[in-house]
Amino acid sequence: MANDLNGPVRVRFAPSPTGFLHVGGVRTAIYNELLRLHCGGVFVLRIEDTDKARSDEAMTRQIQDALSWTGIRWDEGPFLQSERQPRHAERATELLAADQAYRCFCTSEELEAQRAEAQKAGGSFRYPRTCAHLSEDEIARRMEAGQTFVVRFRAPEVNIKFFDLVRGAMEFGPESIDDFILVRSDGSPTYHMSVVCDDIDMAITHVIRGEDHLSNTPKHVPLFQAFGAAVPTFAHLPLILGPDKKRLSKRFGATSVEEFRAEGILPEALYNYMALLGWSPGDDQEILLREEMGRIFDVDRLNVSAAVFDREKLLWMNGQYLIAATLEEIRPHLDPFLAEAALTGADPARLSTVLDLHKTRARTLRELVQSIVFYFRDEIPYEADLTKKFLADPELPVHLAALRDRFAEVEFDKDALEAALRAVAEERGLKPSVLIHPTRMALSGTNCGPPLFDLVAAMGKDETSRHLGHFIAYLRRGGALPEHQD
RNA sequence: GUCCCCAUCGUCUAGAGGUUAGGACAUCGCCCUUUCAAGGCGGUAACACGGGUUCGAGUCCCGUUGGGGAUACCA
């Protein structure tokens with residue numbers, strides 16, 4: 001059995017363009033790339049767009065964009081399967097000539113009735129080979145009469161064996177398949193015909209795909225053989241499940257690359273997380289970059305059973321990447337979120353400072369940007385529920401006014417600010433926290449965030465003074481909105 | 001219905017006959033701390049069930065149960 005992973009491989013990722021790239025597809029692409037990275041060779045991208053009704057150029061473009069964004073690189077393609085249909089038809093004709101395939105004149109309606117009957121009897125339906133042995137004359141007569149036909153594969157009555165990297169040696173009895181259709185009555189090749197034909201033409205050595213194709217494989221293997229081609233090694237990846245242990249669905253949140261991107265997940269984090277959903281390096285490493293995974297990738301460590309997609313862990317991992325990243329590194333990914341928050345023109349130095357301050361507090365780029373917008377706004381909106389305790393203290397405005405005056409006199413670095421605040425507190429017989437909490441509210445509008453003196457220093461002298469002034473006025477008004485709103 | 005695949009903490013997983021069943025996310029507690037995170041330390045938590053094989057089974061075999069996939073002139 002072919003399981004030679006010492007030499008270079010030719011692998012392919014063959015998604016059908018359905019509008020967005022599903023995480024399951026991403027993971028399949030990742031394992032293809034990882035094997036190619038590990039063994040050397042070629043990674044082919046092929047778009048299975050033969051279902052014209054739901055394929056278009058924009059979707060093909062979208063798949064490429066999504067793959068590129070995720071950091072997946074292919075060597076050849078994209079090849080469009082639709083453009084190769086003449087080739088597939090030609091190959092089917094060869095099979096017909098070699099009597100490995102035959103014309104079938106049965107209608108869909110007839111077949112449907114037979115299928116229903118077989119099901120009712122409690123068995124599975126196999127095409128009864130009604131047209132398997134029509135005479136030349138019969139065929140000619142029917143064709144002349146204008147009867148439409150499909151081309152069926154003459155499936156051999158033998159056990160079908162193939163090697164699966166995930167599951168080992170597989171063997172299926174001849175009853176697992178029937179004389180399936182290669183060419184439809186409109187002359188278009190079916191999926192089975194197309195994949196096998198393309199995999200042969202593209203000299204694919206390893207077919208890595210989802211487990212939903214496992215039961216298609218007994219159809220593909222004899223087809224490879226009928227063409228006298230080498231049968232590739234397979235790897236059928238278990239499916240990705242939702243929290244309900246059913247196929248991952250939209251109901252539990254994002255399922256496509258585009259959605260994760262829009263949420264503010266970094267591509268490296270998504271790549272890392274997806275790669276570990278069904279594969280593990282064997283030691284306790286979890287934060288791994290593409291290159292490192294490519295180096296240590298080992299198909300023997302691919303998992304056999306389905307995995308539940310865990311959003312929380314992805315978010316955690318994204319947070320880890322966020323913490324480790326410099327502003328420079330994530331800037332391209334950050335830009336769309338900055339634009340959304342109208343911060344495109346923000347001072348880069350200030351941006352860098354505050355981003356660093358808030359990095360450990362966010363799990364996505366979106367959260368991160370939302371957490372820093374207040375540094376760039378003229379007005380700080382206070383979280384009303386959290387200001388009640390400050391309003392209850394009638395002395396507080398006086399204390400804060402004193403603090404504001406002191407802040408105006410000191411150098412704006414965090415140590416000097418801290419010394420200043422503590423001094424004011426001591427002079428007034430207060431615990432520092434009596435000043436610290438309302439100051440945080442005045443500057444950020446909320447009760448959580450980075451250490452206060454980092455926050456104040458990052459805010460800057462003028463803004464701090466202004467925001468404190470606003471808050472003092474707010475307290476004096478008893479929490480009401482300013483009267484003049486014109 | 002029939003065929004096929006799968007089964008270790010809630011989740012992702014390590015484990016290739018002898019382990020106090022390890023790690024990570026989540027969760028809980030403690031430390032750090034002006035807050036919230038991050039970080040550090042610790043806790044709760046798993047071999048689906050029943051039969052074999054074996055001196056010994058999470059690991060091998062067979063059932064049961066449960067989950068998933070496939071059963072198209074879709075891909």
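Naming: A, B, ... by sequence-line order, numbering from 1 per chain. Heavy atoms only: backbone and side chains are in, while hydrogens, waters and symmetry mates are out. The shown structure was predicted, so the numbers you read here are calculated from the model rather than taken from an experiment.
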Salt bridge present between A:E259 and A:K250 (N-O < 4.0 angstrom): yes
Separation of the C1' atoms in B:U59 and B:U19, to the nearest angstrom: 12 Å
Partner nucleotide, any strand, of B:C9 [Watson-Crick/G-U, under 3.5 Å]: none
Identified pairing partner of B:G63, criterion: Watson-Crick or G-U wobble below 3.5 Å: B:C49
Heavy-atom neighbours of A:E117 CD exceed 12 at 6.0 Å: no
Within 6.0 Å of CD in A:Q285, more than 12 heavy atoms from elsewhere: yes
Is any side-chain nitrogen or oxygen of [X] closer than 4.0 Å to OP1 or OP2 of [N]?
X      : N     : result
A:R247 : B:A70 : yes
A:R152 : B:A72 : no
A:K246 : B:G67 : no

A:T387 and A:Y474 side chains, donor-acceptor separation under 3.5 Å: yes
A:H88/A:S194 under side-chain hydrogen bond (donor to acceptor under 3.5 Å, both in side chains): CA gap, chis, key distance, verdict: CA-CA 6 Å; A:H88 303 156; A:S194 299; 3.2 Å; yes
Summary of protein contacts for nucleotides 7-12 of chain B, nucleotide by nucleotide, where a base hit scores B, a sugar-phosphate-only hit scores S (4.0 Å, heavy atoms): S---BB
Out of B:A72, B:C5, B:U34, whichever nucleotide has its closest atom nearest the side chain of A:R422: B:U34
